[in-house]
**Student:** 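Before I ask anything, let me first share the structure, which is written out below as structure tokens.
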2 protein chains.
Amino acid sequence: MKSPRKYPSSTDVARLAGVSQSAVSRAFNKGTSVSEETSRKVFEAAKQLGYSPNFLPRMLRKHRSDLVAIVISDSANSFYAVAVDAFSKALQETGHQVLLFSVGGGNALDGVLPRLASYRVDAIVSALPVVTREAAEAFARIRIPTVSFNTPARNQWVSSVCSDNAGGGALVADLFVLRGARSFGFIGGMRGDYASDERLRGFRERLATHGFDEVQTARGDYAYEGGFAATQAMTGQRLVPDALFCANDMMAFGALDALRRAGWRVPDDVLVAGYDDVPAATWGSFDLTTVVHDHQAMVAAAIAILHDRMTDSGTDPADGVTTTVPVRLAERATTRR
Amino acid sequence: MKSPRKYPSSTDVARLAGVSQSAVSRAFNKGTSVSEETSRKVFEAAKQLGYSPNFLPRMLRKHRSDLVAIVISDSANSFYAVAVDAFSKALQETGHQVLLFSVGGGNALDGVLPRLASYRVDAIVSALPVVTREAAEAFARIRIPTVSFNTPARNQWVSSVCSDNAGGGALVADLFVLRGARSFGFIGGMRGDYASDERLRGFRERLATHGFDEVQTARGDYAYEGGFAATQAMTGQRLVPDALFCANDMMAFGALDALRRAGWRVPDDVLVAGYDDVPAATWGSFDLTTVVHDHQAMVAAAIAILHDRMTDSGTDPADGVTTTVPVRLAERATTRR
DNA sequence: ATGAAAGCGCTAACAA
DNA sequence: TTGTTAGCGCTTTCAT
């Protein structure tokens, strides 16, 4: 490897400024006692040498890196992309920096966790769509405060922030019934996906209170194509319910296109609702009724937990909390009769 | 701040294993000479203590952090979101780790650059949609090899990898003419956006070779709404060209919906093409002709440049290169007569 | 307000 | 193959 460029050190600056090395350190750290004069000399020399303080020794000395890991996977869910940006921005405000870790499919998490520990990150955000019990325990084993974003998971070291998935499903159930539907369908995500399962549970339980016990379920893949295929299967068998709830907007778009192609009219023949309120939901071609989660509130809640866990006055990291952020319904053309 | 948990050090492991501290270091670094026996004792003790090597002192000693910064802004362009994931994955393969830096609007870049330097990152990927001359010079000033992704920028320290924007514009021009269009429109991105400007340039120059010198231009904001509004202005004034080229797919979707709402038929009355080939371009409601760039090739090219700059045998970082990745056209329903 | 000195947890040169 | 030793560039007592 190339012998890397040698950066000037505080000692170099000290020599040029004619002060001690510790004076340089003090000049660059506020809340320390340095004279006006010394400070001036230091900054002048620093500028001349192009000096910028090296953060690594500081991490070493202080036993805290101010690094926060975000663990992502290549999910089609663009929800996580905006979350990463929001986290990064919010954490920078408090002097933290985001270190990104990608896990591929399978048990790749185990390959990544040791590195998380080796970078001595102060906290972890899991932006994984599925966190198995084993995964949660693996997180706990490295004993770093962790918050699972948008996926329930909880043990001594792992907290989670989720939107009220079941509540959202219930809102959709109420609306469908109010609009006169009497038969119901649901297109879910992959197996083991808590968010999808919860949305179905809330939907189903609320329908039961209205006296409807049957829900025709199908499974998609959280993408347009999955929603399209699942719906096409319904139209092919002429088993289209009065109202169709899709576990996310992408699948709802696929469902809409499949219904229209097969000659069904929305909302006249079929009501359709999605979940997420992605930008495309408002587009003229779709104008989709959907459940809106409050991204900002979710990120804020996660950050609050992390800060609490990372600071002194904070809670003992050894007990995770579960925060549920409320959702609301945005009714648009696909359910408006 | 909470006094952070003290991790076990190699010295702790050494003591427990009854070997020297350097033996522990050697056991954890391959390519060093350690006996089977010593290694066993070390790993046993390490496991017992829950030891994982600390990377920070290593960075300190070696004068290389193996950290790569990715600088992002809150662009609506989801193209960057997938790129971040691809970069992260590819860099991890070679033992690098991505450190994320978000810049807000305005001159916020200046606030971020000193931190980049302080983390001693080995290289920088700029995923900013606009890199002004001043920004490029600011990058150069910290003398860390930088590659600007999808936005031209170049000086001694800054390389760039771009798709062949002008070439894509030319492909669209050829197709429009082939399909019989005789008047042309273009909806671009924000001021100073090179990608948009280049797409227009290629479009315009190729049209000129076909004998068409007029292009009716409008400006959007790279989002659905901007494309919708710009197109609505055209339909309102009844100044709709035979063929409309949008600088990205999002605006093309807006344009399609605006045209349809105003009673224009696509492709019968108007041809429409976009740029990016986002997933929604293939959806039934749009089926949009668009220019496809090769994400993978672009990321690979950027990584290749970075690796070259980061390694010993590599090129002197003091001369940036500009790599142009070819594009192709995906013709779909919006131009097929 | 300032300097001297110790030490964070590693790696690497050197000696044995 | 192994142990000893000297730093990497900072922060932080402790004197002055």
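We name chains A, B, ... by the order of the sequence lines, and we start the count at 1 in each one.
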**Student:** Could you state the atom-to-atom distance from CZ of R120(A) to P of dC8(C) in whole Å?
**Tutor:** 14 Å

**Student:** Atom CZ of R61(A) to atom C1' of dT12(D): distance rounded to whole Å?
**Tutor:**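 The answer, rounded to whole Å, is 5 Å.
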
**Student:** Among dC8(C), dT11(C), dA5(C), which nucleotide sits nearest the side chain of S22(A)?
**Tutor:**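 Output: dA5(C).
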
**Student:** Do R120(B) and F55(A) meet the cation-pi criteria used here (NZ or CZ under 6.0 Å from the six-membered ring centre, within 45° of the axis)?
**Tutor:** no

**Student:** Is it the case that the side chains of S160(B) and S148(B) hold a donor-acceptor pair, with the cut-off being a distance below 3.5 Å and no angle test?
**Tutor:** no

**Student:** Nearest to the side chain of S25(A), heavy atoms from C-beta on, is which of dT11(D), dG9(D), dG3(C)?
**Tutor:**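 Nucleotide nearest to S25(A)'s side chain: dT11(D).
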
**Student:** Nearest whole angstrom, please: distance from the C1' of dG7(D) to the CD of Q21(B).
**Tutor:** 13 Å

**Student:** Just to confirm, is there a sub-4.0 Å distance from OP1 or OP2 of dC8(C) to any side-chain nitrogen or oxygen of K6(B)?
**Tutor:** no

**Student:** Atom CG of D66(A) and atom P of dT11(D): how far apart are they, to the nearest Å?
**Tutor:** 12 Å

**Student:** If you pin S20(B) and L56(A) to their nearest nucleotides in DNA chain D, which one's is more 5'?
**Tutor:** S20(B)

**Student:** Quick check, are the ring centers of F43(A) and F28(A) under 6.0 angstrom apart?
**Tutor:**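 Distance test on ring centres: under 6.0 Å, yes.
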
**Student:** Starting the side chain at C-beta, find the nucleotide from dG3(D), dC10(C), dG9(D) nearest to P57(B).
**Tutor:** dC10(C)

**Student:** Can you tell me if T38(B) touches the phosphate of dT1(D), counting only side-chain N or O atoms and a distance under 4.0 Å to OP1 or OP2?
**Tutor:**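 Checking dT1(D) against T38(B), no side-chain N or O comes under 4.0 Å of OP1 or OP2.
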
**Student:** Which nucleotide in the set dC8(C), dT11(C), dT2(C) lies at the smallest distance from any side-chain heavy atom of R58(B)?
**Tutor:**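 So the side chain of R58(B) is nearest to dT11(C).
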
**Student:** Check step by step if side chain to side chain contact (heavy atoms under 4.5 Å, CB included) holds for Q97(A) and Q92(A).
**Tutor:** CA-CA 6 Å; Q97(A) 206 69 40; Q92(A) 274 184 202; 3.5 Å; yes

**Student:** Taking only the side-chain nitrogens and oxygens of S10(B), find out if one of them lies under 4.0 Å from OP1 or OP2 of dC10(C).
**Tutor:**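 For dC10(C), OP1 or OP2 has a side-chain N or O of S10(B) closer than 4.0 Å.
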
**Student:** Using atom NE2 of H63(A) as one end and atom C1' of dG7(C) as the other, report the distance to the nearest whole Å.
**Tutor:** 9 Å

**Student:** Can a donor-acceptor pair be found between the side chains of Q21(B) and T11(B) at a distance below 3.5 Å?
**Tutor:**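 Side-chain D/A pair, Q21(B) to T11(B): absent.
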
**Student:** Answer with base, sugar-phosphate or nothing: what part of the nucleic acid does F28(A) contact at a heavy-atom distance below 4.0 Å?
**Tutor:** nothing

**Student:** Mind checking if V34(B) touches a base, just sugar-phosphate, or nothing, with heavy atoms under 4.0 Å?
**Tutor:** sugar-phosphate

**Student:** Can you tell me how far P of dG7(C) sits from CE of M59(A), to the nearest Å?
**Tutor:** 23 Å

**Student:** Using distance alone, with no hydrogens and no angle criterion, decide if N54(A) and S9(A) have a side-chain donor and acceptor under 3.5 Å apart.
**Tutor:**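 Judged by distance alone, the side chains do not pair up.
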
**Student:** Compare side-chain N and O positions of N54(A) against OP1 and OP2 of dC8(D) and report whether any pair is under 4.0 Å apart.
**Tutor:** no

**Student:** How does DNA chain C look in dot-bracket form if you count Watson-Crick and G-U pairs under 3.5 Å, write [ ] for pairs that cross, and put | where a base pairs with another strand?
**Tutor:** ||||||||||||||||

**Student:** Does dC10(D) have OP1 or OP2 sitting under 4.0 Å from an N or O in the side chain of K62(A)?
**Tutor:**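 It does not, given that no N or O in the side chain of K62(A) lies less than 4.0 Å from OP1 or OP2 of dC10(D).
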
**Student:** Are OP1 or OP2 of dC10(D) and a side-chain N or O of Y51(A) less than 4.0 angstrom apart?
**Tutor:** yes

**Student:** Going by distance alone, is a donor N or O of one side chain under 3.5 Å from an acceptor N or O of the other, for D294(B) and S163(B)?
**Tutor:** no

**Student:** Treating S159(A) as the side-chain partner and G320(A) as the backbone partner, does any N or O pair qualify as donor plus acceptor under 3.5 Å?
**Tutor:** no

**Student:** Go nucleotide by nucleotide along DNA chain C from the 5' end; which of F55(B) and R26(B) gets its closest nucleotide reached first?
**Tutor:** F55(B)

**Student:** Check the distance between dC10(C)'s P and D12(B)'s CG and give it to me in whole angstrom.
**Tutor:** 9 Å

**Student:** Separation of K30(A) atom NZ from dT11(D) atom C1', in whole Å?
**Tutor:**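 From K30(A) NZ to dT11(D) C1': 17 Å.
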
**Student:** From the set dC8(C), dT2(D), dT11(C), return the single nucleotide nearest to any side-chain atom of L60(A).
**Tutor:**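 Of all the options, the side chain of L60(A) is nearest to dC8(C).
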
